Amino acid sequence: MELSHERVPQRHRHRQGRLRTAAAAPIRHTGGQGAVRGREDNMNAFNTIKYSRDPEIVQHLRPEPPSDWEARTMPGLDPLDYEIFTHKMQMIALEGKETTMKLGASTGMRWGDVAFGIYTAQGDLAVCATGIYHHAVLSQLPVKYLIKHLANDPTVGLKEGDSFFYNDPYYGGVHNADMGLCVPVFSEGKLICFIGAAVHTGECGGSEPGGMVNSAKSRYDEGLMSPPIKIGENFELKEDLLGLLANSTRDPRTMVLDIKARLAASRIAERRVHETLAETGADFLVGGLRRILQQTGEAARAKVATLNDGIFRQPRFIDTTGPEAALLKINLVVEKKGDRIKLILHGSSPTLPDRPMNTFFQGLIGMAMVYACGWLFPELPANNGLLEAVDWEFPEGSFINAQGDVPVSYAPATQVAFAQGMFMTGAKMTYATDPSRAVGAWHTGFAVTVFAGYNQWGEPIADITPEINATGAGGRPGADGVDVAGAFFATMSDCGDVETTEAERPFLYTFRNFFNNSYGHGKYRGGSGVGMGLKVHGVPMVAIGSMGFGSHFPATLGIFGGRAAPPAFVQTVRGSNLDGLMAEGRADLPRRLEDLYAPGGTPEEGTRDYLSVAHPPALYEGGDTFYVPVTGGAGYGDPLQRDPDAVAHDVSSGRCSVEAARDIYIVEIDGRTGLADKDGTTARRDAARKARLARAKPYDAFVAEWSKLSPPAEVLRYYGPWDGSAAQEA
């Protein structure tokens, strides 16, 4: 049996059609202290709530059918007033996002891992301000859960002034560190919408710090895991529940401040919505939010219809299970037909019972929206109406369709690997009709530095550093990728200032700048990522680890003949003498990541280790150093087609090495002037092309030889079948 979600007639969607609340009663605020309630004889919570996870909720990724109220009010909306309304709603959401970022304490919240939205009364996210586009699809699920299970429950209910917290990754779709809060909005006693914020908070109390648990063997190793709970009533947070949540993490201050930031921003947005209601009335707002979703779905299907029909395949490989190196496969097939795109993932690696790389299928659907919102539908609103153009088919028993108690701490890594498959299939799918959308992927391997302990002020801390938001963008038609563009999954995010991090964290940056040669080469190269050096500073010790992939097999592959971004790894030096060298004022200390690997080495001494970007936290003492690569984007097109002058410019600026210019781009550079020798380059490139042709084989001969090859057995121990794996794609 497999999970499949294809388009069906609207009256048959979501099994029973419209998502029903537990007591099947309309949601209406009764005034005063009264909560929304169901039948008066419903005295036992077991009648209304599922104490295990609800698999029916996660099938409600597409918009719910319009309610009677929505259907009645949509046709009467004045077009001009509607345009003004949509702009106001977007500005309200944007103010909420900016307020959340300014008030929060965690790295993710301060530097942009924020999605702020306005939901319909049925839980669909109609308006979203974010660069974290997967939340535009996933953050609706907790709201739909509370509508179904809590709104009409006599022990919980739903009324004005309530607020709800949640972080169960089954509903959020990612991992426990992604947390959210929402509030209901009423008008004259009637529920008209929800408002909420979804943000990555850096600590969730797992068996390892920093929100991601490398050694997790089940979901019970991964820390706090809360379905929606009522955390506030009468416009006040409940101190007992705040205490519970704060006590569940290593960094209680950050946990509480992040919750309060979400709530404060939601209340400001709620006030703005009421101001709009005073001008438009409830009918306009209810009908307007539904119209946004409806128009988004119609426009998405129309855009898809302009693309050529076809089947586009792109397997993706991951080189870690978290605690150990091994090969995993995400076998992505995109079928485009008419006005629909279907995602098919048969042939992917099996479930990992005790490894944290598993992901829920809904998380991958959310990550598909990162590509859709940012590159395929950039002119459309970011909401779950886009899924009206998307179907999906996930096999059971696979690590990309997690079930049961398997861990999912490293799901973000699996999801970004899948997202690069979306970039690559999307480039093939869009090139014929809109080549401007056929772009190389940004760096997709992560390189998340996690840490925990006490800072220089004696405060408990546990979080991640912000350099995850400093990756290079992929090469694109007519232009190189942008250096240190950000994070493709969080395009509006920032890596912050080093001084800000140093002020609150027990680190001294020895450098943070471009990681040259970290990109994929091509006719248009990828953008450089960032490289940084951290020294434990001001404390006796702190725990540091890393999450990501791409130390053995490239995480970011090129397109149309472009090269992959190179594998990367972490270097550490324990017992480092760097403090003494800095006190001496040495001028030959490493200033860039590539300096660590220069022929003469560096004067820094100590016990040096080279680690995968996926490794568990370990204690580092004051003065120890930690060097981290956050690498570059994919290459676009054949490197032999790159403008020789562009290669020479990159060499002069340090972006490209002399060796890469000579051996990959086959460019002759005058040693005296630093300029490209056009005639010498042409001659060498002609010879290189002839050598390629001499190596060429007929396709059938290539396949016959290639099919005999296989990685070592130990690399494939989690991969699934190698022989005959192609048959599983059917």
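Values in this document were obtained by computation on a predicted structure and should not be read as measured data. Residues take their numbers from the sequence shown, with the count starting at 1.
- The nearest pair of heavy atoms linking V174 to A411 is O-CB, 3.7 Å.
- Other residues, nucleotides and ligands contribute over 12 non-hydrogen atoms within 6.0 Å of the OH atom of Y610.
- R316 places a side-chain N or O within donor-acceptor distance of the main-chain N or O of A417, the cut-off being under 3.5 Å.
- Here the closest non-hydrogen pair linking F394 and L364 is CE2-CD1, 3.6 Å.
- One N or O on the side chain of R685 and one on the backbone of L640 form a donor-acceptor pair closer than 3.5 Å.
- With F361 as the fixed residue, the side chain to side chain contact (heavy atoms under 4.5 Å, CB included) test singles out one of I400, L345, N401: N401.
- Closest of all the heavy-atom pairs between I318 and M357 is CG2-CE, 3.6 Å.
- Between H443 atom NE2 and Y519 atom OH the span is 16.0 Å, to the nearest 0.5 Å.
- With Y665 as the partner, the side-chain hydrogen bond (donor to acceptor under 3.5 Å, both in side chains) test is satisfied by one option alone out of H521, R684, Q641: H521.
- Not one N or O on the side chain of D650 forms a donor-acceptor pair closer than 3.5 Å with the backbone of C656.
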Verdict with supporting geometry, D645 and K678, side-chain contact (heavy atoms from CB on, under 4.5 Å): CA-CA 9 Å; D645 289 338; K678 299 293 180 66; 3.2 Å; yes
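- We find that D638 and R689 are not joined by a salt bridge, their nearest charged nitrogen and carboxylate oxygen being 4.0 Å or further apart.
- Proximity of a side-chain donor or acceptor of D339 to a complementary backbone N or O of V304 within less than 3.5 Å is not detected.
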Verdict with supporting geometry, V416 and F549, side-chain contact (heavy atoms from CB on, under 4.5 Å): CA-CA 10 Å; V416 298; F549 64 101; 3.7 Å; yes
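- No salt bridge links R512 with D497; every basic N to acidic carboxylate O contact stays at or beyond 4.0 Å.
- The CE atom of M532 sits 11.5 Å away from the CG atom of N513 when rounded to the nearest 0.5 Å.
- Contact record, A661 with V651: CB-CG2, 3.8 Å, taken as the closest heavy-atom pair.
- Here the CZ atom belonging to F489 is positioned 11.0 Å from the CD atom belonging to Q415, to the nearest 0.5 angstrom.
- In this structure the side chain of N358 never reaches within 4.5 angstrom of the side chain of T414, judged on heavy atoms.
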Candidate pair F360 and V408, rule side-chain contact (heavy atoms from CB on, under 4.5 Å), full reasoning: CA-CA 8 Å; F360 297 115; V408 296; 4.1 Å; yes
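- No donor-acceptor distance shorter than 3.5 angstrom exists from the side chain of N469 to the backbone of S493, with no hydrogens or angles considered.
- Contact annotation: the side chain of L327 approaches that of L716 to within less than 4.5 Å [non-hydrogen atoms, C-beta and beyond].
- S349 places a side-chain N or O within donor-acceptor distance of the main-chain N or O of Y719, the cut-off being under 3.5 Å.
- Here the closest heavy-atom approach between residue V630 and residue E467 is recorded as CG1-O, 3.4 Å.
- Heavy atoms of other residues, nucleotides or ligands lying less than 6.0 angstrom from NE2 of H552 number more than 12.
- No side-chain heavy atom of P356 sits under 4.5 Å from any side-chain heavy atom of H175.
- Interatomic distance, Y627 OH to F511 CZ, rounded to the nearest 0.5 Å: 6.0 Å.
- The 12-atom threshold is not exceeded at CD of E705, counting heavy atoms of other residues, nucleotides or ligands nearer than 6.0 Å.
- Atom-to-atom distance recorded for H200:NE2 and W111:CH2 is 15.0 Å, nearest 0.5 angstrom.
- Proximity of F399 to R355: side-chain heavy atoms (C-beta onward) are nowhere separated by under 4.5 Å.
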V390 and M369: CA distance, side-chain angles, deciding distance, side-chain contact (heavy atoms from CB on, under 4.5 Å) verdict: CA-CA 10 Å; V390 183; M369 290 300 101; 4.2 Å; yes
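- More than 12 heavy atoms of other residues, nucleotides or ligands sit less than 6.0 Å from atom CG of D309.
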Residues Y431, F560; criterion ring pair (Phe, Tyr, Trp, His ring centres under 6.0 Å); working and verdict: CA-CA 11 Å; Y431 185 81; F560 304 146; 5.3 Å; yes
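- In this structure, the side chain of R592 engages the main chain of F514 through a donor-acceptor pair within 3.5 Å.
- The backbone N or O of L376 sits less than 3.5 Å from a side-chain atom of K303, completing a donor-acceptor pair.
- The main-chain N or O of K535 is never found under 3.5 Å from a side-chain atom of T625 such that the two would form a donor-acceptor pair.
- Between L589 and E604 there is no side-chain heavy-atom pair separated by less than 4.5 Å.
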Verdict with supporting geometry, F446 and Y410, ring pair (Phe, Tyr, Trp, His ring centres under 6.0 Å): CA-CA 11 Å; F446 275 132; Y410 273 29; 9.4 Å; no
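- In this structure, T631 and S518 approach most closely via the heavy-atom pair CB-O, 3.8 Å.
- No side-chain heavy atom of I669 sits less than 4.5 Å from a side-chain heavy atom of V658.
- No side-chain heavy atom of S398 sits under 4.5 Å from any side-chain heavy atom of P350.
- The pair D480-R655 fails the salt-bridge criterion, with no side-chain N (NZ, NE, NH1 or NH2) lying under 4.0 Å from an Asp/Glu carboxylate O.
- Looking only at side-chain heavy atoms (C-beta outward), L343 and M422 come within less than 4.5 Å of each other.
- R525 places no side-chain N or O within 3.5 Å of a backbone atom of Y636 that could act as its donor or acceptor partner.
- To the nearest 0.5 Å, the span separating CG on L593 from CZ on F515 amounts to 4.5 Å.
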